[in-house]
Amino acid sequence: ETSAAPETSAAPETSAAPERTRTTAQAQSEGLRVFIAGVPWTIGEDTLRRDFAECGVIEDLFLLRDKEGSSTGKCFVTFRDKAAVKAAMAFDNTDYGGRKIYVKIAAAKNKQPEQGGEEKAYKVEGEGRPSRKSADTPAKSHPDEKPEGCRSLCLKNTGDATEDNLRNLLKDCQVQSVRVVVDRLTGEPRGIAFVDFREASEVDKAMAHNGEDLKGRAVEMHYEAPRERPRPEGCMTVAVKKLDEKTLEKDILKLFKGLESISEARVILNKEKLCSGLAFVEFTDPKDVEAAVLRDGMKVKGQIVFVCYETKEKKSAGTKDRRKLQAAKRVVEKKEKVKKKKDGGDEGEEGEAEGDGDDDDDDAAGGGRKAEKRRERRQAKRKATKEEKKATKADEEPAAAAAEGAETKSSKKRKRKKDKGAKTAETSALAADSADAAGGKKKKKKASQEVAEEGEEAAKPESAKKKRKKAEATA
């Protein structure tokens with residue numbers, strides 16, 4: 001008989017969550033975490049916590065949200081005991097707030113279901129989407145004894161410890177890199193971390209801290225079996241991936257500090273002249289190549305990088321070499337063309353001497369009649385070229401002489417016309433000067449006559465003047 005889902009409350013009340021007794025990883029491995037799908041989008045975490053609290057004590061509740069912060073209708077609920085989980089599972093495929101919800105156990109990776117195989121185990125992947133895991137897949141286990149060549153440890157029950165907390169715990173060991181596993185959605189630590197050491201002997205030192213207190217929790221340390229990564233035959237280059245865009249060549253060299261056989265380090269740039277996230281490092285010693293790959297997981301510019309063998313051929317250098325060869329080939333071909341033109345043209349005595357030398361070489365090489373025919377063709381060609389030049393010169397000389405004569409005749413005509421114009425202008429100027437002089441004499445004569453008349457009139461007696469005035473008045 002199917003139970004009814006808990007009724008939703010109209011006004012959610014905020015209540016403090018009880019103290020957690022397990023990490024998310026531990027709860028998932030013990031089957032105390034359930035996944036609920038089909039939750040109405042209008043229901044928040046407080047309402048879910050209060051409604052499912054009737055099943056038992058809830059230690060953690062996480063509602064999945066999209067990029068805008070809206071509910072996706074899915075959540076994870078962590079209970080304190082198995083009885084609460086069993087009570088929550090009774091609401092699978094029932095109505096809740098107007099929607100049908102589905103409740104499944106969110107078991108750990110490769111974990112078999114514990115309730116007779118009836119419930120299907122789910123695991124969060126990517127953005128919270130559940131994926132079904134096969135119950136036949138064996139769970140991953142850590143070796144009890146230290147494997148040969150082991151240089152890594154898996155630390156569990158670390159809680160919310162950060163990389164700095166873990167390095168401080170292992171401060172007496174030569175730690176190469178620390179990777180804290182975080183939740184993809186929240187970014188919070190999941191209580192698991194992986195630590196790589198520079199030497200295998202450092203693992204034994206680190207295991208001495210197994211069970212020590214770290215932020216109120218007892219750390220569990222497990223050996224990590226080394227991955228077999230044999231160096232491909234002839235491989236002398238490693239690729240460094242997932243680099244920050246501000247990575248420079250000196251940062252790559254710092255990553256492989258201590259490896260003396262580095263011959264070249266190349267950072268691949270994008271169009272903006274920034275690091276594209278990829279770099280290549282070449283070595284001359286095979287042992288250094290293998291040691292470089294072991295530095296996988298270290299940080300460059302605060303970002304964890306991936307180091308692997310590079311088996312592809314170096315493309316950039318090959319392209320440059322091909323271009324150089326093609327350019328050199330073009331230069332040689334051009335020189336040969338110029339030489340052929342020089343041999344075929346008329347180069348005077350020097351050219352003839354060179355041609356004779358070529359003919360001698362042909363004879364010495366056993367050319368025979370072919371060499372003689374070639375020599376005859378060259379001589380005929382030179383003769384025709386000379387005659388053509390002479391004919392061209394003969395045609396050009398009369399034309400040049402005629403052009404020169406015509407130019408001389410026209411220039412003389414222009415000169416005569418110019419001289420005639422100059423004489424005419426000079427004559428006109430003289431005539432104008434003569435006219436001006438004659439006019440000046442007439443003016444002077446008239447002025448002298450006027451002065452004389454005024455003098456005579458002034459010399460006449462007063463009576464004569466009066467008479468004359470009277471006569472004028474009468475007239």
Side-chain angles (χ1 to χ4, degrees), residues 5-6 8-9 12-41 43-66 69-92 96-97 101-109 111 113-115 119 121-131 133 155-162 165 180-193 214-220:
T8 59
S9 303
E13 298 178 2
T14 305
S15 59
E19 185 180 355
R20 297 192 62 172
T21 59
R22 299 173 180 82
T23 64
T24 300
Q26 287 177 329
Q28 222 167 248
S29 63
E30 295 176 17
L32 298 177
R33 198 171 188 232
V34 298
F35 171 73
I36 305 173
V39 178
W41 295 286
I43 294 179
E45 289 185 7
D46 293 335
T47 305
L48 284 166
R49 187 182 294 275
R50 185 179 59 257
D51 291 342
F52 280 90
E54 64 184 56
C55 299
V57 178
I58 298 175
E59 290 194 352
D60 181 56
L61 189 147
F62 177 60
L63 180 64
L64 302 181
R65 301 180 183 275
D66 56 20
S70 302
S71 170
T72 61
K74 302 171 185 177
C75 70
F76 288 92
V77 183
T78 303
F79 293 98
R80 181 164 290 180
D81 51 43
K82 293 287 184 69
V85 174
K86 189 174 182 180
M89 291 294 297
F91 298 120
D92 181 34
Y96 177 61
I101 61 173
Y102 302 91
V103 184
K104 307 293 178 184
I105 295 178
K109 186 177 181 181
K111 178 76 175 179
E114 298 186 7
Q115 299 188 12
E119 290 81 14
Y122 281 76
K123 172 72 174 65
V124 181
E125 292 183 357
E127 298 183 357
R129 297 181 180 179
S131 65
K133 294 291 181 180
L155 278 61
K156 295 185 177 181
N157 197 30
T158 57
D160 59 352
T162 62
N165 300 138
V180 179
V181 181
V182 297
D183 190 281
R184 293 185 180 182
L185 296 174
T186 63
E188 297 295 327
R190 295 187 57 185
I192 303 175
L214 177 64
K215 299 190 73 172
R217 297 175 181 274
V219 180
E220 300 176 10

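- Here the side chains of I43 and Y96 are in contact, with some heavy-atom distance below 4.5 Å.
- E188 is not listed as a side-chain neighbour of V182, based on a closest heavy-atom distance of 4.5 Å or more.
- Scanning for side chain to side chain donor-acceptor pair (under 3.5 Å) contacts around T24 gives R20, with sequence neighbours left out.
- A distance of 12.0 Å separates CG of L214 from CD of E220, quoted to the nearest 0.5 Å.
- The NZ atom of K156 sits 9.5 Å away from atom CD of Q26, with the distance rounded to the nearest 0.5 Å.
- In terms of heavy-atom proximity, D92 sits nearest to V103 at OD1-N, 2.9 Å.
- Contact detail for G97 and P40: the closest heavy-atom pair is O-CG, 3.6 Å.
- Note that CG of D60 and CG of L32 are 12.0 Å apart. Values are rounded to the nearest 0.5 Å.
- Across R22 and E59, no two heavy atoms sit closer than the pair N-OE1, 3.8 Å.
- Note: R49 CZ to L63 CG = 11.0 Å, rounded to the nearest 0.5 Å.
- A heavy-atom distance below 4.5 Å is found between the side chains of V34 and V85.
- What you find for S71 and W41 is that their closest heavy atoms are O-CD1, 3.1 Å.
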Let me see the working for F76 and L64 under side chain to side chain contact (heavy atoms under 4.5 Å, CB included), right down to the final yes or no. CA-CA 8 Å; F76 288 92; L64 302 181; 4.2 Å; yes

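- Minimum interatomic distance between V39 and C75 (heavy atoms only, all atoms of both residues): CG2-SG, 4.3 Å.
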Candidate pair L61 and F52, rule side chain to side chain contact (heavy atoms under 4.5 Å, CB included), full reasoning: CA-CA 10 Å; L61 189 147; F52 280 90; 5.7 Å; no

Show the numbers, then the answer: is there a side chain to side chain contact (heavy atoms under 4.5 Å, CB included) between R33 and I105? CA-CA 6 Å; R33 198 171 188 232; I105 295 178; over 6 Å; no

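- Between L48 and V77 there is no side-chain heavy-atom pair separated by less than 4.5 Å.
- Listed here is the closest heavy atom pair of R190 and A25: O-CB, 3.9 Å.
- Every residue was checked against the side chain to side chain donor-acceptor pair (under 3.5 Å) condition with T72, not counting sequence neighbours, and none meets it.
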Can R217 and T23 be said to form a side chain to side chain contact (heavy atoms under 4.5 Å, CB included), step by step? CA-CA 10 Å; R217 297 175 181 274; T23 64; 3.4 Å; yes

